[in-house]
Every structure is written in structure tokens, then in C-alpha cells.
Amino acid sequence: MFRTTLRNLGSHRVRFLLTCVAIVLGVGLLTGTYVLTDTVHATFDELFDEISGGVDLTVRAQTAFENNSYGSDRALVDPAVLDEIRSVRGVAAAEGSVEGYAQMVGKDGKAIQPPGPPTLGWSWSDTPKFNAFRISDGRSPRNSGEVVVDAGTADAHDLSVGDTIDILLSDSKRNFEIVGVARFGEADNLAGATMALFDTATAVEVLTGGAGYSSIKVAAADGTAPADLQDDVEAVLPESMETVTAQELADESASSLTDGFGIFQTGLLVFAGVSLFVAGFIIFNTFSIVVAQRSREMGLMRAIGAGRRQLLVSVIAEAVVMAVLGAGLGVVFGLAVAHGLLAVFDLIGVSLPSTDLDLQTRTVVMGFALALLVTVFAALVPARRAARVSPVVAMAGEGAASDQSPVTRYVLGLLAGTTGAALIAAGLIGGGDRALSAVGGGAGLVFLAIAALSPLVAGPVVGLLGRPIALLRGVPGRLAGENACRDPRRTAATAAGLVVGIALVAFASVFAQSLKASTTGAIRDAVTSDFVVVGQTVGVTFGDDVTESLTGSSPVESVVPLRGRPEGAPWQLDGETKAVVGLPANGEAALDLGVLQGSIADLGDDGLLVQTDEADTNGWSVGDVVPMEFAKTGVRDFTVKGIYSEDVAGMVGDYVISTTAYDANFSEPRNLGIFLTAGAGADAEQQTTDLLAGHPNVKLLTLEEFVDEMGQQLDQMLGLVFVLLALAVVIAVLGIVTTLALAVFERTREIGLMRAVGMARRQVRSMVRWEAVIVAVYGAVLGITTGLVLSWAAVTAMASSGLTHFVVPGGLLAGIVVVAGAAGVLAAVLPARRASRLDVLASIVAD
Amino acid sequence: MAATIVQDRIATDAVAVTELVKTYGRGDNAVRVLKGVTLRIEQGRFTAIMGPSGSGKSTLLHCMAGLDDVTGGQVRIGSTDITAMTEAERTRLRRDRLGFVFQAYNLVPTLTAEENILLPSRLARRRHDPEYYGDVVATLGIANRLGHKPNQMSGGQQQRVAMARALVGRPEVVFADEPTGALDSRSSGALLGFLVHAVQEMGQTIVMVTHDPIAASRADRVVFLADGYIVGDMSDPTSDRILDTMKSLGG
Ligand SMILES: Nc1ncnc2c1ncn2[C@@H]1O[C@H](COP(=O)(O)OP(=O)(O)O)[C@@H](O)[C@H]1O
Ligand SMILES: [Mg+2]
């Protein structure tokens, strides 16, 4: 029996390969993602192990919760603590270390901003075992006028020893001489971050305003175990401080950096999932068609004594061979994917020290397991159909075995659909850490449900789509429509890939457009000032020195800085992370938050403004006390001083505190923007721009420009969506190609007959092509409908978090349908060619 | 005088096959199926081609009808030499000038009877003659089946639909390969009746391949094929005479 399996596979190599491609893609993306993440992790692990090897203990302030990819908010360490530590027995050396914001200004006068990674300033240690950097050119920094820069930035921006450079610091801009270029371990920089290194005294002054160290590095004396030393050191520390070992610190740093790659990981895994999902449908279709074709042969086998089980096993065995080969190729492809992505990272400046790709057993096992699971699961229904073939079929000829009742299928579909919808709803409304997996799993179930139920609508919808084509393209068009309708279940399974891909794209574009409309709406509602100062690079915050340059200078009248972080300045309420922004007492001069009660001016040191919906959800009213927990300062009681409109949540979020309170509880008092009122006229704009001359990291925008820029930012998100569309379409096209090729094979006689009575090759191609277009457009229509329903649900569920508008980008969605149709044409190229070249005599001679 | 006769013949022959050779395969595997067949099919007559199984009847039909290319010799439909035609030209020839009835699988399963009948003219984007269409459909007795799909019809009905398709475009020749091969004797007799009717009442030229002496006896003329050669030619045949000839051919 197994030999039959292998022979079957061998004799249909093309079909086999096509079926495998989707598995290869899915497993490839999956393993590629894991190889990449593991490699990045291993690289950083190694790097940080090497770097922190000489630092036996690190002393730092405790943090209430971890919150930030590049280190947590912590209080500074009082320099007095350093002396205490030095006096502990067994401490060979202890040194203060500082890190903070420092952004270099390039020779072109523009602030150097890497795409994503931060711009860092660090203190230079002269103790080699404390210093992760090695000078590759020049020398170390010795006084307050000198700086060493990382080799990556030096290369990219043509900086060399002897140059002078402006560096933007949290409260000023200063000029330094570059005295050296340094490398970070083996790497040119730290995962793309720019590094300015100052001697320790200078670093304390320019990075922390002289307030203290970020941490203290401790080396144990020979013969003293770091673990013993840890106890002794902790004994002299104030309550609010902690010590971490070299290993802990290395792990922490490595995983926080690896987390920075999380978004890539999520994106890639989504597509790995889509590929495997589509692979499932391709396999289902292939095996269904093959079983139908072979029903005679199987009937014969049954007649000569093969058991049902044996037939079932033979089909499953074929699926297993396919899965194993596909997964094997997939793992190889995954290595290539990881390699390619690393090259891309390198290209955009996020360079990693060269390391071998890290292919872990877990990754391989997962790839094979998923491939097997998907393949066998998909082949199960066709295999059971094969097992039910009656021996009589061998004699009777055509006619496959009876099928599982559609009712079961619909009931299961409905069940999956409702469960999926419930999961999505729970994820969206409940939020929290599990939200993503709940929404993802729910979406998967919904897609399965759609696949199960869509044969119900496939017939009528495809019939409708076929009508205009029949009118336009005559007989080939009519036949295309008929062929697409022939087996609604097959059509539904063929289109399933496109449904998933396009549903995701439709969801994302509706969501992005709604977000854009809500955000720009919120800005228009909230901002009453003429001008806005924002970071030169979208989404990059800036220091308060900009505020100072503007305050009190003509023609500027009021200056309202908005404190916050692009990802949201975090605080926790009973362990749940929320975001807050800070506004000064004169906030109402530039912003109208639609405050129903209270006022921005009255916030003081512990006052809180809450958005209406959020206040309702928590049952708060003016006068209630909210225990806000900050990473740096722990729990602080804030009193609700006012409630503001939910319409502006898209701009300031749900919580507003005073600038003073913000600065007291967050490490870096940086601004998302500054809202300005100034004397009217073009002069005012020019004069205000002049005031910003010393700040190359910011720019002045009019309110309209600001709205546009926020819109563009969201449009870029949409750009990413189009990359996803391309990928989804590619994968879906595979599904159409496979099914179509099989269908052409199945219809050999019919095509031969039509050719015999006068159908031209061109007409055969047209027939196949239009069938593909119909199936593709059907997939697009169903996908868009699904995407619209899902996004409507999401937007509605998130209305209270500022998603006040539901926008359907009609043109874009129409474009997607066109793209899907074009994809159908593309998918049909090979099957159509094959169909048109079929032997005319095939229909007459066969049998 | 002789020249005029030849000329007339060329003008009135529906199909003229000269020294037709057909070989399948190449080199050592080459099988010569037709070894030099010369045959003229007169217009307005019902010609049957008979011979033992594997003698090359279908091959000859395919070559005459432009369904297959030839290895040597010439085939003319009317005055058109089809041996030099490209595949696209032959497709147009089949669509516009010929009709076909095969043994089985004659109809496109997704199309209704009517759509199947009108398929060639619609492929050509040509209008059919509704009156003639009505006559053909009525004669064949399928007027009440026109909206049905093939799987809703009996084998005999399907073959009649196929015949209607072959006749409705008034082709120069209708080629039929064992059209009754899959039918019971009643349906078979009825179908042959329609073929005869088409020749006698509508002036249709029909070439039919068969190995059934009873079917062949309904034709005006029977041509015998054996071993790749024409080995006999009988006018006004009866089934007994046909059987005798077949026996002598060892079929
Ligand atoms: N495509 C082909 N390739 C090789 N041999 C063929 C092919 N078609 C027919 N033949 C051979 O040609 C011979 C005549 O076939 P055919 O014309 O179908 O005979 P008939 O219709 O008289 O039974 C047979 O021996 C058959 O095996
Ligand atoms: Mg034959």
C-alpha cells in the first residue's frame, strides 16, 4: 500500500510540488522567524555576557515594573552610595555609570536619528572590565569638551577624530570634539542605537543634570564570590535600591533588545500562519480532486480485498510524505529567510555582529509538527471519502462516494464562527496580555467558519459574478462562470486563501483609516493654538530646552508642552498598564479638552484629569483617589480633579497630569509636542521658526500641517499593509494555481471535446482565465466583507479608547478587488496554457 | 472529356483523401496505422467506414476531419487542402465547416442542451439560422429537452443533442465515430434513422465510422479498411453482404 502512495506521488510531480510550495512557504516563514529571533537573542546574549563579564554586580534603583525596551524608568543613584559600596569588604572596584539621551547633529545640520533605535549617551569607564566599548580610533574622552562616538554612526555620517560635533542633550545643545571612535564588543553599535560617550563627570552633568548615576558597577576582589558580595553590598544600600548579577543583567539587556524585534516577529508569524492556513486548503482541494479521480482505482482495490482502513492510511501516508518533504524544504527556506532579514537589518543600519544562524531543535520540531498537523488534518476528509468508496464503483464507473452531510459541516462552521467571534470580542474588550492571542485565535476560527460556510454563498455569488463576464466574453465567459459554480465547496476552499489575506488587509486599512480620522478629528477638536512644534522625525520626542527657547520670546504668546512618550508613558493601576500625558497649568491656552468639570490649571502635584468613558468604566468621579503606580517612584495617590471629553482621547489619551507631576514620576521629561499661540501672520511663523534655529531635532508646523503629518504617519502604517497584501496575494495565488491546474486535468475530455467542435486555443485560455478571475474576485468580496465586519466590531469595541470614527476607504477596497482579479489572471497563466495545449483527441480517444 | 470528369469530381467531392499516411511514434517505436489511403467522399451521401478493431478507422476519420495532423499525403475538404493548415486554421475549419458526433462524452456537462447545440456558432460569434435550428430540434425530438443539462438526459437523448449540434450549422460534412456504440438497439436504430433522414431530406454529407454491420447497412456506401489500406468499397450495402466481406477480412 505504501508503495502505491510513493508511486502516486512520483507520477504527479508538478501537482506534488505545487501542493508543497504553500507548506514550504509557511514552514519557511515560521522557522525563519524563530531562527531570526533566536539568532538575535544568542548574539545579544553573547555580546552582553562578554560585556558584563567584568561587572560582578550592578547596583541601581528598584523599579516597580519593567516597561521599556531600552531599560526601565529608575531613580538615579546618589553618588554618596558609591562611597558606601567602595567601603564594603571584598569590593575590588566600584564605579558610577550613566546613560541618557544624547543626540548627535550631523554635518548637514540635521539631528542624527536612526529608524527606531534610540540615541544614547553613556559614560566612558577607564576601568577596562567595566567598559563594553573598545576604542578603534583615537582615544578615550578626558574632559567636558570631548566625546567618543560609535563606529556605526561615525561611518554612516562621516564623522572622524578631530571633528567637532553638536550634541543635543535633554536640556541643552553642546559642542564637543570627537577624540575617538569606539566599537561595542564585536559590533559597530548597539543594535542600531547611536552612542555618544563622555567621561563620567561630564556624563553625570550632561545626561542627568548632575543628579547622580544611573547605576553603580561593582567588581569583586579575587577570592570573593559575587553571591557573597551581593549580600554585603545590599546590607549598605538604602531600601529602594537593588543589586543584580552579571548574568541577570546580561539576560535582561539581551531580552529587552530582542523584544525590539517583536513587531517583526509578530508580522512574520501572522504570515506564516496565513501560509499554513492556505496550505491546508490547497491540500484539502488537491486530495479531494485526486480521490475523486482515483475512485475507480480505489473501488477496484476494495473489490480485490483492500480494507477501508488501508485506503484511509494510503491517502494519509501520501499527506505525511508531502508534509515531511515540505517541512524539510521549509526549514531550509527558513534559514534563507532569516539570512535575508538579517541582511535587511544591516541595510537599514541595525547591524548585528556576525554570528552563525541559530537553528534550534525546537524550531525544527515545530516546523515539522505544524506541517504534519495541517497536512494530515486537511487530508482527513478526502481520506475518509476514499475509505467510503464502494467496491461497486470499480464496475459502475464515474461517481465518487457519498459525502459527509453538509449539515454537520454547517453546524461545525457555525460553532467555530461563534466561538471565534466570542474570542475576538473578549480579546478586544478585555485587553490585557492575552488579547493578541485571543484575537488571533478567534480570527483563525472565524476564517475556518467562513471556509465551512462559504459554499452556501459561493454558488449564488459566483453565479452573479459570472453573469457580466458571460455577456462580455461570450461562450468562454459563460463556461468560466459555470466552471466556477460547478463545485461550490471547491471554489470556497480555493478562494479561502484570498479571503484570509484580503480580510486582514481590509481590516487593517479600515482600522488605520478610522484611526486616522479619529486622531485627526481629536486634534482638530482639541487644539486651539496656531502652531505645533514636533520632532523633526515623526514620533521622536524632544527635551524642554525647546520650551525654554520659545517661552517669553516675541511673537510667541503661550507655550504648552505636551509631555509623553510615543508608545505611551506607562503607569499601572492594579498591575494593568495605562498611559498618561503631562500638561502645564496654562494648558487651556492652547488645548480645549472639552473639560466637563475641573480645569487643567488646578492639577497641581497630585491632580488627575480622566476621560469620560474611562472614568465611567472605573466608577470615578471628581474627588476620588486613584493609586497610580510608576516604575520609578512606585505608588502615588492622585485625586481626580476633572473629567474631559472622549472626543479628544485620540490625541491625549485617557489620563492627564500636570507637567510637574509628570517630571517627578518619569525619568525623562520629554515632549511629544509643544502647542503655541503666536501673533498672527506669516511673519509670526517665520519669527517662531527662527527661535527654533538652535534645535535641529524639531520643526514648527501650522495646525493643518500637524494634522497632515499625523495622517501621513498612519498612511505609512497603511504602506506596510500593502506589503502584507502583496504577500497574501502571492500565497493565495498558489492556491488558485493548484486547484485550477487540477481542474484542467480533470476536464481534459471536456476541453478536448470543445476544441474538437471548434473552440480556439485563445478561447480555452480565456475560459480558464475568467474562471480564475471569478474565483479571485469572489475571494476578495468575501474577504472584504469579513474584514469590514471584523473592523467594525473592533472599532466599535474600541470607541472608548478614542476610535470615534468608522471610515471605509472605498477606493482602496475597490482597488483590492481589482488587484485580486489581476492575481486571478496571473494564477491562470500556467493552467490556461496547459489547457489550451491539451490534445484535441484527448476527449475522443480516452477510454 | 476525362479531364472534365476529374474536374467535376473534385468540385463535387465533399472530402478527398490522397495517399494518406499516418504514423504514430518515432524510430523503432513507429507504428504505421494508415499506409496510403486514397478515398473520395461524395456530397450528399451517407458513407460508412468499416473494418476490424484497430484497423485505423478512427485515425482515418480524425485525419479527414482535421482533428489530427497527417504524416504524408493530402486531405481536402471541398476544394481546401487541410494538410498544410495550422492548428488555428483547422480549429476554424472544424468550427465553421464540419460537424461531429462521437461515441460518448459528446456534450459539455456544464451547458444546457441548447447551449451545447449552439456552441460552435457561439464560439464563432455567429448567428445561427433559427428556422433551421427549430427544424433540426423538432426532427430529433429534443425540443422539450433544450433547457436540460447532459446529466439530466438519457444516452440516446444526449446523442441526439450531439447530432443537432453537428447539423445545425449546415456543415459541409458531418463526421461520426461509432455514434451508436454506446446505445441500446432501439436508441441506436432511432439515431441511425435521423442520420439517414438528414442525408435524404436535408442533403447532408455524413461519414460514419462503425464496426456494427447493421449500422453500416443503413449507409449509401461502405468503405472497408484493413491493415492501413482500403480493401473494399460497397454501394447500397445490406448487412449480409457486409458480414460476408468482414468475414473475408478476418474481422
Ligand atoms: N495516439 C496514438 N499513439 C500510438 N498509437 C495509436 C494512437 N492512436 C491509435 N493508435 C494505434 O493505431 C491503430 C489504429 O487505431 P484506431 O484508428 O483507433 O483503430 P480503430 O478505430 O479502427 O479501432 C491501433 O493499433 C492503435 O493502437
Ligand atoms: Mg475507433
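Below, chains carry the letters A, B, ... as their sequence lines are ordered, and counting in each starts from 1. Keep in mind that the numbers below use all heavy atoms, side chains included, and drop hydrogens, waters and symmetry copies.
Annotation: Asp96(B), atom CG; neighbour count of heavy atoms from other residues, nucleotides and ligands within 6.0 Å is above 12. Other residues, nucleotides and ligands contribute only 12 or fewer heavy atoms inside 6.0 Å of the NE2 atom of His211(B).
By number of non-hydrogen pairs under 4.5 angstrom with chain B, the leading residue of Arg761(A), Arg762(A), Gln763(A) is Gln763(A). Between chain A and the options Arg125(B), Arg92(B), Arg90(B), the largest number of non-hydrogen pairs under 4.5 Å is found for Arg125(B).
For the residue pair Ala756(A) and Phe100(B), the shortest heavy atom distance occurs at O-CE1, 3.4 Å.
Arg94(B) places no side-chain N or O within 3.5 Å of a backbone atom of Val757(A) that could act as its donor or acceptor partner.
Residue Leu98(B): no heavy atom, backbone or side chain, is found under 4.5 Å from chain A.
Separating the CE atom in Met759(A) from the CG atom in Leu119(B) is a distance of 6.0 Å, to the nearest 0.5 Å. Expressed to the nearest 0.5 Å, how far CG of Asn116(B) lies from CG of Leu753(A) amounts to 7.5 Å. Rounded to the nearest 0.5 Å, atoms CE (Met754(A)) and OG1 (Thr91(B)) are 13.0 Å apart.
Residues Arg837(A) and Glu87(B) have side chains not in contact (no heavy-atom distance under 4.5 Å, counting atoms from C-beta outward). Between Leu67(B) and Arg755(A) there is no side-chain heavy-atom pair separated by less than 4.5 Å. Between Pro109(B) and Arg486(A) the shortest side-chain heavy-atom distance falls below 4.5 Å.
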Anything under 3.5 Å between a donor and an acceptor, one on a side chain of residues 454-480 of chain A, the other on a protein residue two or more places apart or in another chain? List them.
| residue | atom | partner | partner atom | Å |
| --- | --- | --- | --- | --- |
| Ser454(A) | OG | Ile450(A) | O | 3.3 |
| Ser454(A) | OG | Tyr778(A) | OH | 3.4 |
| Arg478(A) | NE | Glu115(B) | OE2 | 2.2 |
| Arg478(A) | NH1 | Glu482(A) | OE2 | 2.6 |
| Arg478(A) | NH2 | Glu482(A) | OE2 | 3.3 |
| Arg478(A) | NH2 | Glu115(B) | OE1 | 2.8 |
| Arg478(A) | NH2 | Glu115(B) | OE2 | 2.7 |

